[in-house]
Amino acid sequence: MVGMSGEVELRRSLRRRLIELGINPYPHAPKGGVVPVREVVRSPVPDSTVSVAGRVVGIRRHGGLVFFDLVDDGCRIQCSVSRGEVSRELFDFFDEFVDLGDFVYVAGRLYYTKRGELTVAVSDLQLLAKALRSPPVKWGHRILDPEVRYRKRYLDIMVTPQIRRIFEIRFRTIEEIRKFMWERGYVEVETPVLQPIYGGAAARPFKTYVEALEEEWYLRISLELYLKRFIIAGFNKVFEIGKNFRNEDIDVEHNPEFTMMESYEAYADYNDIMRLTEELVGTVARRVLGTDVVEYPVKGEPVEINLSPPYRRVSLYDAFREFAGVDIESLPDDEIKEYLSRYSIRLPGGYERGRAVVKLFDRIVGREYLIQPTFVTDFPKSSSPLAKPHRSRPDLAERFELYIGGVELANAYTELNDPELQASYFREEEERRRLGDLEAHPFDWDFVEALEHGMPPTGGLGLGIDRLVMVYTGTDSIKEVIPFPMVKPREFEQKRVWG
RNA sequence: GGGCCCGUAGCUCAGCCAGGCAGAGCGGCGGGCUUUUAACCCGUAGGUCCCGGGUUCGAAUCCCGGCGGGCCCGCCA
């Protein structure tokens, strides 16, 4: 047993000894009321007595005087224990039983040290939870191994305030999006995650099996088709914030499980939705960050981005002309095919002009040039089987995508509400599936039947929350803004001896 | 799916190219220290060198296979 994982063994023996001494190392509650450290720090009253609780993240011993740092809900305060000011029992207890990582309750007088730091002169102390492992790095420093950071995100958040800040922004963003939508009269609804037919996007789904029905079902790849059923049902303005699941590869912009906000509004079109979207992105930024100017890394260099509306609107064909110098609209199919092979783009399901154009747009224009917020509008009709054809351009659909920092943040349509046209689009998708496009949209009879009951003219929006948070936080990897990103589970032997 | 790189103490890493006793700093533990805050000073413990196989008198080091991770490219948002 000599040399068995030293720290944990040592601390487990402390835990045992505490129990032997009749001291519960995991009491049910602090012995006195606690005030959040944040409040103490916000308006400190020197010489007043405070009682606070938190995790011990630093200990500096000076013989008869010990300074230690407490972190409570992300907020740090220094405490001191002086041999001359407390009972021998208290001082020895701290010395012997309190380690980095432990939660403690302390009460004492507030004062400023010689160096001017606000400090609690501890006069009472209680161990609230014994940690058997100490934090891997000192508080305020960064864990550098990305594998540890993503697998044990709680440590990453625990010890690095900048990481915690990213998630504070994430969850405040979701909160403010809700408020923004509620303020505008949208009703927050819920739709099924498990679906018999997936739809609303081009993606491969996760499959699951429903024992009660003895059927294979799917995890949703979007919220779209059920939210439209709410519009059909007579709710005029609905939204949902929820997880989508797409069985695709993982990279800096994609996680198989990600968060979307989708909204649908009766009697609106994609122009209304553009105004809604830019208002939302700008307003939420101001409310969460206090500013609508952010910095985002583009090719490693921070670029200032202004999120205040209005955003630029440019049609997809015009964007091609402006940024790529190509009039792709009037390019013959042969030359488009040449471009495809030059950029080694394969089209599953065979060549189709509209889809080819969109792929080329993603490859050549999107990430490269659309840094300041830009709505790219009017996509080829065949690439958008759930969007309504353009009111004056029969070859296009009333669709837009929002790009910021080269990242695609949103996708929106004037929604298709003609059931016959929807059915024929679904048939085309089915044909493409037969030709090998695994991401083609499956035919959803139940949805077409719902449309047959009549859906008012509707504008809809899908907004990628993770990517919005990336823009807000100046982060260029989606893993940084997802609390627990998908990582392969790892087999490991726990090094411990029971007893 | 294709390519490149990485895996050694709790953490950060050196050692690998050119095979020969398993190393440093931080952290831990013990001691000292009553105003520090990455405290300081002295001492000390701590290892499945990612896993498996091969070459060799001898492998952290060379070779093969695997696992895990990162980045780039292709694709979905």
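Throughout, protein chains are lettered first and strands after them, A, B, ... in sequence-line order, and every chain is numbered starting at 1.
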- Query: For B:rG74, does either OP1 or OP2 sit under 4.0 Å from a side-chain N or O belonging to A:K359?
  - Reply: no
- From B:rU36, B:rU35, B:rC29, pick the nucleotide closest to the side chain of A:L10? B:rC29
- The side chain of A:P146 lies closest to which of these nucleotides: B:rA38, B:rG69, B:rC73? B:rG69
- Item | A:E147 side chain, from C-beta outward: closest of B:rG1, B:rG28, B:rG68 | B:rG68
- Message: Categorize A:Y150 for me: base, sugar-phosphate, or nothing, with a 4.0 angstrom heavy-atom threshold over every strand shown.
- Response: sugar-phosphate
- Task: Look at all strands and tell whether A:D69 reaches a base, only sugar-phosphate, or nothing, counting heavy atoms closer than 4.0 Å.
- Result: nothing
- For the side chain of A:T374 and the backbone of A:Q372, is there at least one donor-acceptor N/O pair under 3.5 Å apart? yes
- Query: Between the side chain of A:R55 and the main-chain N/O of A:G101, is any donor-acceptor distance below 3.5 Å?
  - Reply: yes
- Task: Indicate, with a heavy-atom threshold strictly under 4.0 Å, whether A:N247 touches base, sugar-phosphate, or nothing.
- Result: nothing
- Query: Which listed nucleotide (B:rU37, B:rG69, B:rC11) is nearest to the side chain of A:V487?
  - Reply: B:rG69
- Task: May I ask you to say what A:D476 touches in the nucleic acid, namely base, sugar-phosphate or nothing, with a heavy-atom cut-off under 4.0 Å?
- Result: nothing
- Look at A:R115 and B:rU37 and indicate whether a side-chain polar atom (N or O) is within less than 4.0 Å of OP1 or OP2. yes
- Does A:W139 use its side chain to pair, donor to acceptor, with the backbone of A:V56 at less than 3.5 Å? no
- Task: Answer yes or no: is there a donor N or O on one side and an acceptor on the other, between the side chain of A:Y270 and the main chain of A:L461, under 3.5 Å?
- Result: no
- Is there a side-chain polar atom (N or O) of A:K138 under 4.0 Å from OP1 or OP2 of B:rG27? yes
- Per atom distances to the A:R76 side chain, the nearest of B:rG10, B:rU37, B:rU36 is B:rU37
- Note on the structure: Considering only heavy side-chain atoms of A:E439, the closest of B:rC75, B:rA38, B:rU36 is B:rC75
- Query: Hey, does A:R363 reach any base, or is it just sugar-phosphate, or nothing, if we go heavy atoms under 4.0 Å?
  - Reply: sugar-phosphate
- A:R133 side chain near B:rG10 phosphate (N/O to OP1/OP2, under 4.0 Å): no
- Message: Is the phosphate of B:rU36 approached by A:R60 (side-chain N or O, under 4.0 Å from OP1 or OP2)?
- Response: no
